[in-house]
Amino acid sequence: MSIPIIDLDKLISPQSSQDECVKLISACQYWGFFQLINHGVPDEVIENLKNDLVEFFSQPLDAKKEYSQLPNSLEGYGQAFVVSDNQKLDWADMLYLQICPTESRDLRFWPNHPASFRHSIDTYSSATEHIGLSLLQFMAKAVGVEPKSLSSVFEGQARGLRMNYYPPCLKADKVLGLSPHTDPGGLTLLLQVNDVQGLQINKDGKWFSVNALNGALIVNIGDTLEILSNGKFRSVEHRAVVHPSRQRISAALFYYPCQDLVISPLPDFVKDGKVKYKTISYQDLLTEYFTAELDGRNRLEKLKLEP
């Protein structure tokens, strides 16, 4: 089973925009995931980031540890979602960087090796900036809502890049690269760095593997966007599995809302007067997300109001 494919060129073109918007809404409502093609990020920008990521993660551990996370901080090299000494850890290392706004960058965690790495991340950040905002506008437009109603929540706000390294594991069926979870933010753009697949999504209670198209970006809806849209768009549980003999590398770009946002369904999405989610501050949502083990969609389900 393959997730929908959305063509950004067709969304933008007046001749095909309406038909492609229908596909986009279907993808956001029923899948929460889609592959984005013709997204406008130059091949060279993607290839440079991929090459630098492979080189960074292939370094000896000591070299990577120069950029280690500090206590109670996500930024840097290490692992995420470690909340106790007795939990089963995910089979992965990661490098997480705050990439926007530019003045929020903490260059202590930005690797100097490979020498082009910082430039590659900066260029990729610039080249992808418009994509999330464009998609949010098309999503709103497609459901008959003011196009800027969603994008204005994320415009000029923080974005983060999590680069994931999943080493091979002989007992691959006994571990997970990343436990089942949903993403807390607005949109996520995932770049598959090498040709080893590993992303799986939960559809109708079954796990399905996603085969990333070469050059495509895999887009998924986050919890904040599900709540803002009053459940019109779905934040879907997903996980990463590992390969018995080959490493897998990916890079996830997160679009975050304003840090002091109080999240509740936007009036434009509550046409029938039925609010389906409790109100929660974005900070509380993040605190819940990062101070407990990943648990699929459970946190999001608890925010739903009784029908």
Side-chain angles (χ1 to χ4, degrees), residues 1-50 100 123-157 159 183 185-192 199 201 203 208 210-222 224-226 228-236 238 251-255 257 265-272:
M1 189 181 289
S2 54
I3 61 173
I5 296 167
I6 301 297
D7 186 328
L8 188 56
D9 272 354
K10 287 186 179 173
L11 281 174
I12 293 166
S13 167
Q15 287 78 29
S16 51
S17 186
Q18 199 170 354
D19 288 346
E20 202 68 11
C21 273
V22 171
K23 286 172 64 179
L24 176 66
I25 290 312
S26 172
C28 294
Q29 284 179 335
Y30 299 111
W31 289 89
F33 270 82
F34 55 89
Q35 302 211 47
L36 188 69
I37 59 171
N38 293 324
H39 43 65
V41 182
D43 292 347
E44 182 188 8
V45 170
I46 287 178
E47 286 311 308
N48 288 345
L49 180 65
K50 285 181 174 182
C100 280
T123 313
Y124 183 72
S125 171
S126 300
T128 50
E129 184 172 7
H130 70 286
I131 296 175
L133 298 176
S134 292
L135 288 172
L136 289 164
Q137 290 187 20
F138 284 118
M139 285 175 200
K141 183 179 153 194
V143 292
V145 167
E146 163 58 37
K148 290 231 160 165
S149 61
L150 287 176
S151 63
S152 61
V153 178
F154 299 91
E155 198 158 0
Q157 301 303 327
R159 284 185 291 135
D183 295 345
L187 283 178
T188 304
L189 267 56
L190 183 77
L191 176 67
Q192 177 76 27
L199 173 65
I201 67 171
K203 176 103 167 81
F208 291 100
V210 175
N211 287 318
L213 298 172
N214 194 23
L217 293 169
I218 297 172
V219 182
N220 68 280
I221 308 288
T224 298
L225 191 50
E226 175 168 329
L228 290 172
S229 72
N230 205 27
K232 194 87 174 161
F233 310 136
R234 288 187 60 226
S235 178
V236 168
H238 51 287
L253 178 68
F254 302 102
Y255 288 78
L266 295 171
D268 280 352
F269 285 89
V270 191
K271 290 285 163 58
D272 58 1

Report task. Would you give the length of the straight line joining atom CD1 of Ile3 to atom CZ of Phe34, rounded to the nearest 0.5 angstrom? Result -> 9.0 Å
Report task. Please tell me if the side chains of Gln157 and Pro257 come closer than 4.5 Å, counting only heavy atoms from C-beta onward. Result -> no
Query raised in the report: Looking only at heavy atoms, what is the nearest atom pair of Cys21 and Leu11, with distance?
Result: N-CD2, 3.7 Å
Query raised in the report: Got a sec: does the NZ of Lys23 have more than 12 other heavy atoms crowding it under 6.0 Å?
Result: yes
Query raised in the report: Excluding sequence neighbours, so at least two apart, what forms side-chain hydrogen bond (donor to acceptor under 3.5 Å, both in side chains) with Asn38?
Result: Asp7
Query raised in the report: Is there side-chain contact between Trp31 and Ile201, with heavy atoms separated by less than 4.5 Å?
Result: yes
Report task. Go through the steps to decide whether Asp9 and Ser13 satisfy the test side chain to side chain contact (heavy atoms under 4.5 Å, CB included), and finish with yes or no. Result -> CA-CA 6 Å; Asp9 272 354; Ser13 167; over 6 Å; no
Query raised in the report: Could you walk me through whether Ile6 and Phe138 pass the side chain to side chain contact (heavy atoms under 4.5 Å, CB included) check?
Result: CA-CA 12 Å; Ile6 301 297; Phe138 284 118; over 6 Å; no
Query raised in the report: Tell me, do Val236 and Lys203 make a side-chain contact under 4.5 Å, heavy atoms counted?
Result: no
Report task. Please check if the side chain of Gln192 supplies one atom and the backbone of Asn211 the other of a donor-acceptor pair under 3.5 Å. Result -> no
Query raised in the report: Counting only heavy atoms not in Lys271, do more than 12 fall under 6.0 Å of its NZ?
Result: yes
Query raised in the report: Between Ser134 (side chain) and His130 (backbone), is there a donor-acceptor pair under 3.5 Å?
Result: yes
Query raised in the report: Backbone N or O of Thr128 within a donor-acceptor pair of the His39 side chain at under 3.5 Å?
Result: no
Report task. Indicate yes or no: at least one non-hydrogen side-chain atom of Met139 is less than 4.5 angstrom from one of Lys232. Result -> no
**Report entry** Ile218 CD1 to Ile5 CD1 distance, which is reported to the nearest 0.5 Å
**Finding:** 10.5 Å
Query raised in the report: Any side-chain heavy atom of Tyr255 within less than 4.5 Å of one from Leu189?
Result: yes
Query raised in the report: Any side-chain heavy-atom pair from Val153 and Thr224 closer than 4.5 angstrom?
Result: no
Report summary line: Rounding to 0.5 Å, atoms CD (Glu20) and CD (Gln15) come to a distance of 13.0 Å
Report task. Report the distance from atom CG of Leu135 to atom CG of Leu8, rounding to the nearest 0.5 Å. Result -> 6.0 Å
Query raised in the report: Does any non-hydrogen side-chain atom of Asn48 lie less than 4.5 Å from one of Tyr124?
Result: no
**Report entry** Leu191 side chain near Leu253 side chain, heavy-atom distance below 4.5 Å
**Finding:** no
Query raised in the report: Could you walk me through whether Leu187 and Val219 pass the side chain to side chain contact (heavy atoms under 4.5 Å, CB included) check?
Result: CA-CA 7 Å; Leu187 283 178; Val219 182; 4.0 Å; yes
Requested in this report: Go through Phe33 and Leu190 one step at a time and tell me if the side chain to side chain contact (heavy atoms under 4.5 Å, CB included) criterion holds.
Outcome: CA-CA 10 Å; Phe33 270 82; Leu190 183 77; over 6 Å; no
Query raised in the report: Do other residues, nucleotides or ligands put more than 12 heavy atoms under 6.0 Å from Gln18 CD?
Result: no
